[in-house]
Amino acid sequence: MLQSSLSVTGATGTGADAPALVLKGVGKSYGPHWAVRDLDIAVEQGEFVTLLGPSGCGKTTTLSIIAGFVEPDAGTILLRGKPLVGLPPFKRGIGVVFQDYALFPHMSVAQNVGYGLRARRIPRPEIDARVEQMLELVRLGGLGSRSPQALSGGQRQRVALARALVINPEFLLLDEPLSNLDLKLREEMRLEVVRLQRQLSVPTIFVTHDQSEALAMSNRIVVMNDGRVEQIGSPKDIYETPANRFVAQFIGSMNLISATVVEAVAAGATGLVQFADGSRVSIPFRTGSQAGRQVSVAVRPERCAVVRQTPKSDGTAALAATVTHLVYLGSKVEIHLELAAGGVAVVESVGGTVDDFEAGQRVAFLASPQDCTALPD
Ligand SMILES: Nc1ncnc2c1ncn2[C@@H]1O[C@H](COP(=O)(O)OP(=O)(O)O)[C@@H](O)[C@H]1O
Ligand SMILES: [Mg+2]
């Protein structure tokens with residue numbers, strides 16, 4: 001990354017106008033291995049940003065660096081324009097919730113929630129009032145005297161949230177807080193966490209390896225892989241215009257069909273590609289390319305169609321294919337294809353039935369050019 005091309009103070013300002021949090025060139029190595037490197041992430045005031053990526057990609061390391069549990073080997077971190085590196089965790093004003101809740105088992109719910117206030121030597125009556133108010137906010141009013149062991153998983157997670165929020169943090173960090181809950185509860189808690197975050201307008205970094213959680217909850221998503229940022233964008237950006245093959249395949253499913261670039265094309269322009277069977281189509285390119293390069297033509301299964309016969313040429317990408325198998329999923333049917341141009345593709349048919357096609361049948365695979373993107377190989 002060109003760290004020198006952006007002056008940190010110039011780019012971010014200080015005080016009220018500054019982004020809530022800025023990471024600039026942040027890296028951490030364990031021996032020769034960089035757990036994270038070249039992280040450039042800015043979170044705006046009130047924003048909900050999700051770090052999304054596979055296990056081991058550096059999400060927890062990033063949170064630990066922000067929280068102050070791990071010192072970075074490179075880069076700067078600014079909270080509302082103030083440098084954080086070197087400051088101990090309890091002086092950062094950051095609330096943290098972990099996957100395993102990390103509640104104190106020997107303390108009551110109220111004592112757990114009030115922990116950060118006692119550590120800050122807030123007077124007892126104020127602690128009691130703020131704890132009660134916070135328990136109401138997370139819908140645990142009246143349960144303050146319970147032991148955490150007497151609560152369900154979802155309730156424990158709410159206690160952990162209340163404990164992080166009661167200190168009025170300037171920033172909230174949530175490390176896979178929902179991954180220990182079963183699916184139904186997880187979906188309920190998604191809404192609950194977003195409701196709280198919006199209500200308190202506390203800027204937040206949420207960590208998950210679950211793409212649907214990230215899509216459902218976030219203002220913006222940071223897709224990470226192997227310690228680096230692959231793409232930052234809104235859920236719609238990430239899903240509809242993935243920057244590369246990793247992002248395309250990690251979020252949702254994506255058909256990737258090999259093709260060759262016919263003539264040089266600029267970034268953001270439309271260029272002609274040719275498939276191995278000789279057929280050609282003009283599609284948008286995210287990054288520029290020279291003629292002769294190999295690319296993957298990316299198109300989502302729900303944006304494609306299958307028809308029995310190849311239609312007349314009208315600009316639609318139509319490739320000869322053979323049905324290999326069908327998967328019935330209730331609300332939709334997946335039609336799996338082998339393409340004459342090489343490779344495989346999947347088409348999701350929402351209205352269709354399994355009876356429309358059968359294995360071995362010769363068909364045409366169709367996609368509108370504007371639903372396709374050329375991604376560099
Ligand atoms: N304390 C540590 N010592 C050595 N390696 C570590 C340590 N913490 C994390 N790592 C390594 O750093 C990488 C990122 O880990 P982590 O941030 O926990 O990933 P994630 O939270 O995305 O699953 C992994 O390769 C992990 O093994
Ligand atoms: Mg982790």
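Just the heavy atoms: all of them, side chains too, but no hydrogens, waters or symmetry mates, feed the values below. Just follow the structure's listing: the first ligand is 1, and inside any ligand the first atom is 1. Along the sequence shown, residues are numbered consecutively beginning with 1. Just so it is clear, the structure is predicted and the values come from calculations on it, not from any experiment.
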**Student:** Could you check whether R308 makes a cation-pi contact with F357, meaning its NZ or CZ is under 6.0 Å from the centre of the six-membered ring and within 45° of the ring axis?
**Tutor:**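 Checked: cation-pi criterion met.
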
**Student:** Run through ligand 1 for me and note each protein residue having a heavy atom under 4.0 Å from it, chain first, then residue number.
**Tutor:**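 Residues within 4.0 Å of ligand 1: Y30, H33, A35, P54, S55, G56, C57, G58, K59, T60, T61.
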
**Student:** Return each pair, listed once, that meets ring-ring contact (aromatic ring centres under 6.0 Å, His included) where at least one residue sits in residues 317-351; pairs must be two or more places apart or across chains.
**Tutor:**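 Residue pairs with at least one partner in residues 317-351: H325-H336.
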
**Student:** Strictly below 4.0 Å, N to O, side chains only: are D371 and R300 in salt-bridge contact?
**Tutor:**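 No, this pair does not count.
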
**Student:** Once ring pair (Phe, Tyr, Trp, His ring centres under 6.0 Å) is applied, do any residues pair with F206, and if so which ones, sequence neighbours excluded?
**Tutor:**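 Only F48 meet the ring pair (Phe, Tyr, Trp, His ring centres under 6.0 Å) criterion with F206.
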
**Student:** Could you tell me whether E170 and K82 make a salt bridge, using a distance below 4.0 angstrom between a side-chain N and a carboxylate O?
**Tutor:**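 Between K82 and E170 there is a salt bridge, with a charged N closer than 4.0 Å to a carboxylate O.
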
**Student:** Please determine if K28 forms a cation-pi arrangement with Y30, meaning its NZ or CZ atom is less than 6.0 Å from the six-membered ring centre and no more than 45° off the ring axis.
**Tutor:**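 Pair K28/Y30 counts as cation-pi.
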
**Student:** If you measure from the Lys or Arg side-chain nitrogens to the Asp or Glu carboxylate oxygens, is any gap between E240 and R303 under 4.0 Å?
**Tutor:**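 Answer for the salt bridge query: yes.
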
**Student:** Would you find more than 12 non-hydrogen atoms of other residues, nucleotides or ligands less than 6.0 Å from R118 atom CZ?
**Tutor:**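 Yes - once you tally the heavy atoms of other residues, nucleotides and ligands closer than 6.0 Å, there are more than 12.
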
**Student:** Please determine if R245 forms a cation-pi arrangement with F250, meaning its NZ or CZ atom is less than 6.0 Å from the six-membered ring centre and no more than 45° off the ring axis.
**Tutor:**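 The answer is no; the distance or angle limit is not met.
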
**Student:** Around the Mg ion (ligand 2), how many protein N/O/S atoms fall inside 2.8 Å?
**Tutor:**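 There are 1 of them.
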
